[in-house]
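Structure first, then comments.
Throughout, protein chains are lettered first and strands after them, A, B, ... in sequence-line order, and every chain is numbered starting at 1.
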Number of protein chains: 4
Amino acid sequence: MSNEALHSVEETNQDNSRKAGRPRSESSKRAILEATRRLLTHTSVQKLSIEAIAKKASVGKTTIYRWWPNKTAVIVDAVFSQPAFHNILPTPNSASDGIRAQIEKLGRQLSGKNGRIVAEILGESQAEPDALRIFIETFLQDRYNSLSSLLEAGKQNGEFAVDLDTETAIDVILGPVFFRLISGQEIDDTSTHQLTQLLLKTLR
Amino acid sequence: MSNEALHSVEETNQDNSRKAGRPRSESSKRAILEATRRLLTHTSVQKLSIEAIAKKASVGKTTIYRWWPNKTAVIVDAVFSQPAFHNILPTPNSASDGIRAQIEKLGRQLSGKNGRIVAEILGESQAEPDALRIFIETFLQDRYNSLSSLLEAGKQNGEFAVDLDTETAIDVILGPVFFRLISGQEIDDTSTHQLTQLLLKTLR
Amino acid sequence: MSNEALHSVEETNQDNSRKAGRPRSESSKRAILEATRRLLTHTSVQKLSIEAIAKKASVGKTTIYRWWPNKTAVIVDAVFSQPAFHNILPTPNSASDGIRAQIEKLGRQLSGKNGRIVAEILGESQAEPDALRIFIETFLQDRYNSLSSLLEAGKQNGEFAVDLDTETAIDVILGPVFFRLISGQEIDDTSTHQLTQLLLKTLR
Amino acid sequence: MSNEALHSVEETNQDNSRKAGRPRSESSKRAILEATRRLLTHTSVQKLSIEAIAKKASVGKTTIYRWWPNKTAVIVDAVFSQPAFHNILPTPNSASDGIRAQIEKLGRQLSGKNGRIVAEILGESQAEPDALRIFIETFLQDRYNSLSSLLEAGKQNGEFAVDLDTETAIDVILGPVFFRLISGQEIDDTSTHQLTQLLLKTLR
DNA sequence: GGGTAACCGAGACGGTACGTCTAGTCTTTAA
DNA sequence: TTAAAGACTAGACGTACCGTCTCGGTTACCC
């Protein structure tokens, strides 16, 4: 899934009809996202200002407002378009293995500096439904869908209990990781490992 | 535990020596907390401003800053001092029962309007370590400690596996509820019930 | 004198050699001037924007900038090309009559809505020498020259004092009218009449 | 007349009851007016921005907006509070002398750099009735009243015609000077002298 | 009648300034 | 000493225009 595509206005170049007017500057777009990423290494999501991004990217504020509805959208775009956040995993040997891999990958993505940024994005989104929607579509949906498939497969091949409620199971898998994230607890290999241990026992 | 006491500077009037000068106005304090609660019914935590509180409470901004370090502290104080957020539960028949009660109570507290406010406070806290600390001390610690006791008791009396890691178990219990909260999913009796069903099976 | 000709770039069709390329669109030109006039009935000169004109006239901004150097030039063009601002007067019986007619005509032109617009143009011109030059060439020069001729004629035929300084006299004739205009005093028949009364006595 | 007093909010310290709250900072006020004067030596009235004043004066924009309704008000305050613009003249020997002195003083005040600034203020005021009112009250009214008194005195002692219309006469006296100002003509001793010559003849 | 040149509309671009808002601090009088 | 009132510096917000630019397309001429 291409994260970048989701919420910045995207011309579906299916139709070869070019619109009138000067076309969008790709270099400006890149400069904005790059500036955002750089600023995020020194500043929190909430303290990051559109003005600072515009200045750093040598871009007019209007150019940012033209293509993104709000600050959070820019940041989500900038952060989740990075390869580190792509959700690509090898085909697993079993449903359990798949889920284990999924949790471990998520744990690694949400550890350290990057985790802090995601937490701040998620925090910022709590007061802005639009931002939350963007966050979900861009980041969460993918993990959710993967887990859903794995759980269904596991139920079918006997790895997991047949009467397992998929939605609840996903909450139980993703919940603890995000809970550690937002409650300021460390997310490391140890905690992730212990979590998978306990969870896989549960699902059976 | 008296939430209100934790972080607003509180004179322990144990010593009957009255300090010189005008004493702290209890009516101002009440007015501030009440104004905050009222404003929160119409405004999100992030959009609520100290200025608005001061105006509504007919109080100088300085008075607020004198007694609370920041906006989040005021809000935490105002919200969690309400009886609905107190964590008082009857002594349970068993560890499992206690955990079930704990989850169900939390689910009720985090549903609806109140849940939204807690989510916004938690969101706001992601960028401010001080605020997060206050939130944890005032709201989370209590639940954490209760669960910890229950789990230990359960492990001792054979209800739960002896090798159960308490910290991980707490993450698995609280995580899903908070995950539903911050990801915008409904928290209702059904979801809470299904969660307890799955969890209690796990812990054994 | 055709006002419109003065400052919008005008090909002196002396040479009948037509240049290559698409010729200037007369319909766009008309649309721009008409839109400007219409907008001026609702908006002040200073608040009128090139963008608004372009939008109203369904014209690209570039087209305006191609043919006029700045906003004031467009407005001067739009306003003073109207017949009401042409300076055509019947041949007078005497120099005094000519001057009286000139003042009265000017008074009528600078009264009411039109007067307000001229005042705003003149105001806008105070900070832009180019705009002032255009205003003078398009509107003022004509009146100045007419008065100059009349005064010289009057001095020759004995109506006015021979030692009358023409430049000063013109200042004394035009000054009061413009002073009333820019100081927000009404310009009506009464005030104009009283002015001519006083002035014609002066010049003798 | 103290120009400065007219339109910046002024506490009439008649009543010795001081209001609660931090009082207006006189040093900020001085810094704002001084910064405005300095900036005006390099920039035109129209290009001068509130932001530039605030920056130069090390003052919050809000402080400016709190005490002056708009840019023009600040500038009028800054410019006309200077001693050079005070309208203090020695008691004249005659009405004619008084008028001559008045015109010559005005001529000197409106010549050179200062004249340019006044012209720009007057220009700016053409689109803003409030600004025009302030300009009149602060600068024009005084001259108007002086001339009015002188003319009435002159009519009574026989220097001027009894049937002279005072309002019209003032227009004829002030008009030419302002006309030269706004039409970009030099105002110097020669032109002022020739004007008085002609005018004083008229009024008789 | 194809090439070329200047025009056209549309609209994105980097910028500047606006006037408003809030933060957190400071300074006064009143209690 | 604390309270209320409210002014202070600072700086971000989102909007409006500026004057320039870059497109695809149009409309004349000239060879």
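Annotation: side chain of C:V74 is not in contact with side chain of C:W67 (no heavy-atom distance under 4.5 Å).
Between C:R24 and E:dA6 there is no side-chain N or O to OP1 or OP2 distance below 4.0 Å. Remark: B:S28 is in phosphate contact with F:dA4, judged by side-chain N or O atoms under 4.0 Å from OP1 or OP2. Remark: D:R22 is not in phosphate contact with F:dA5, judged by side-chain N or O atoms under 4.0 Å from OP1 or OP2. At E:dC8, one or more side-chain N or O atoms of C:W67 fall inside 4.0 Å of OP1 or OP2 (strictly under the cut-off).
Near-neighbour residues of DNA chain F inside residues 44-58 of chain A, defined by a heavy atom below 4.0 Å, number-ordered: A:S49, A:I50, A:E51.
Among residues two or more places apart in sequence or in another chain, the side chain to side chain contact (heavy atoms under 4.5 Å, CB included) test is passed with C:R37 by C:L33, C:E34, C:A78, C:S81, C:Q82. For D:R30, there are no salt bridge (Lys or Arg N to Asp or Glu O under 4.0 Å) partners at least two apart in sequence or on another chain. Applying the side chain to side chain contact (heavy atoms under 4.5 Å, CB included) test to B:T41 and every residue at least two apart in sequence or in another chain returns nothing.
Between D:V59 and B:T63, the one whose closest nucleotide on DNA chain F sits nearer the 5' end is B:T63. Of the two residues near DNA chain E, A:G60 and B:K71, the one whose nearest nucleotide lies more 5' is A:G60.
Remark: C1' of F:dG19 and CD of C:E128 are 14 Å apart, rounded to the nearest angstrom. With rounding to whole Å, D:N70 atom CG is found 8 Å from E:dG19 atom P. Per the geometry, CD belonging to C:E26 stands 13 Å off C1' belonging to E:dC7, to the nearest Å. We find that CD1 of C:I32 is positioned 13 Å from P of E:dC7, with the value rounded to whole Å. Distance, A:R66 CZ to E:dG15 C1': 12 Å, rounded to whole Å. Here the P atom of nucleotide F:dC8 and the CZ atom of D:R30 are 13 Å apart, to the nearest Å. Atom CD in B:E124 sits roughly 14 Å away from atom P in E:dT22 (whole-Å rounding). If you take NZ of A:K29 and C1' of E:dC13, they are 16 Å apart, rounded to a whole angstrom.
By the 6.0 Å contact criterion, CZ on A:R38 is open, its count of non-hydrogen atoms from other residues, nucleotides or ligands being 12 or less.
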Which pairs of donor and acceptor atoms, one on a side chain in residues 44-57 of chain B, lie under 3.5 Å apart (sequence neighbours left out)?
{"residue": "B:S44", "atom": "OG", "partner": "B:K47", "partner atom": "N", "Å": "3.2"}
{"residue": "B:Q46", "atom": "NE2", "partner": "B:E120", "partner atom": "O", "Å": "3.3"}
{"residue": "B:S49", "atom": "OG", "partner": "B:A52", "partner atom": "N", "Å": "3.0"}
{"residue": "B:E51", "atom": "OE2", "partner": "B:K61", "partner atom": "NZ", "Å": "2.9"}

Considering only distance and modelled atom types, tabulate donor-acceptor pairs under 3.5 Å from the side chains of residues 123-132 of chain D, sequence neighbours left out.
{"residue": "D:S125", "atom": "OG", "partner": "D:I121", "partner atom": "O", "Å": "2.8"}
{"residue": "D:Q126", "atom": "OE1", "partner": "C:R116", "partner atom": "NH2", "Å": "3.2"}
{"residue": "D:Q126", "atom": "NE2", "partner": "C:I182", "partner atom": "O", "Å": "2.9"}
{"residue": "D:Q126", "atom": "NE2", "partner": "D:L122", "partner atom": "O", "Å": "3.2"}

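If you check distances only, the side chain of B:K61 does reach the base of E:dG24 with a donor-acceptor pair under 3.5 Å. Checked by distance alone, A:T62 brings no side-chain donor or acceptor within 3.5 Å of a matching partner on the base of E:dC13.
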